[in-house]
> 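Mind looking over this structure? Questions follow.
Every value quoted in this text rests on a predicted model; they were computed, and no experiment measured them. Note that these values count all heavy atoms, side chains included, but never hydrogens, waters or copies made by symmetry.
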Amino acid sequence: MESLGGLLGQQKFVEPPEIAAIKDYVQTKYKSPVSIKIGDKQITIITSSAALAGTLRLELHTLQEQLKTEKKLIIRIGS
């Protein structure tokens, strides 16, 4: 019987395309890293900058269209 660490070490985790697209969009346009959490009905974009969060809120519609997703986009300020 293999240990949990051994099993998880063998798995390759693939990042969902939405995460890569959002991170690329923010990095290209604003040169700032963000964290992403994906749920069943929402995608949460976490940034450490309130100014970036405010700017991204103005672009949610554009980002939603680029992602071609029905999930709700949420912006949160955190670390």
> Please list, one pair per line, the donor and acceptor atoms closer than 3.5 Å that link side chains of residues 42-56 to other protein atoms, with sequence neighbours excluded.
unit_1 : atom_1 : unit_2 : atom_2 : d
Thr47  : OG1    : Ser49  : N      : 3.3
Ser49  : OG     : Ala51  : N      : 3.3
Ser49  : OG     : Leu52  : N      : 3.1
Thr55  : OG1    : Ala51  : O      : 3.0

> Indicate, with yes or no, if Ile77 and Val26 share a hydrophobic cluster defined by side-chain heavy-atom contacts under 4.5 Å among Ile, Leu, Val, Met, Phe, Trp and Tyr.
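Different clusters: Val26 never reaches Ile77 through Ile, Leu, Val, Met, Phe, Trp or Tyr contacts under 4.5 Å.
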
> List the atom of Lys71, the atom of Gln64, and the distance in Å for their closest heavy-atom pair.
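Of all heavy-atom pairs spanning Lys71 and Gln64, the closest is O-NE2, 2.9 Å.
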
> Taking only residues two or more places apart in sequence, or in another chain, which ones meet Glu15 in a side-chain hydrogen bond (donor to acceptor under 3.5 Å, both in side chains)?
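Here no residue qualifies.
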
> Between CD1 of Ile75 and CG of Leu63, what distance do you get to the nearest 0.5 Å?
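One gets 7.5 Å once the value is rounded to the nearest 0.5 Å.
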
> Hey, which of Ile36, Ile38, Leu73 is the one that makes side-chain contact (heavy atoms from CB on, under 4.5 Å) with Glu18?
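The single option meeting the side-chain contact (heavy atoms from CB on, under 4.5 Å) with Glu18 is Ile38.
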
> To the nearest 0.5 angstrom, please state how far the OG atom of Ser35 sits from the CD1 atom of Ile19.
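Rounded to the nearest 0.5 Å, the OG-CD1 separation comes to 10.0 Å.
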
> Which value, rounded to the nearest 0.5 Å, describes the distance between Arg57 atom CZ and Ile74 atom CD1?
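Rounded to the nearest 0.5 Å, the CZ-CD1 separation comes out at 10.0 Å.
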
> List in chain and number order the residues that pass salt bridge (charged side-chain N to carboxylate O under 4.0 Å, His left out) with Lys72, two or more places apart in sequence or in another chain; answer none if no residue qualifies.
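For Lys72 there are no salt bridge (charged side-chain N to carboxylate O under 4.0 Å, His left out) partners, ignoring immediate neighbours.
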
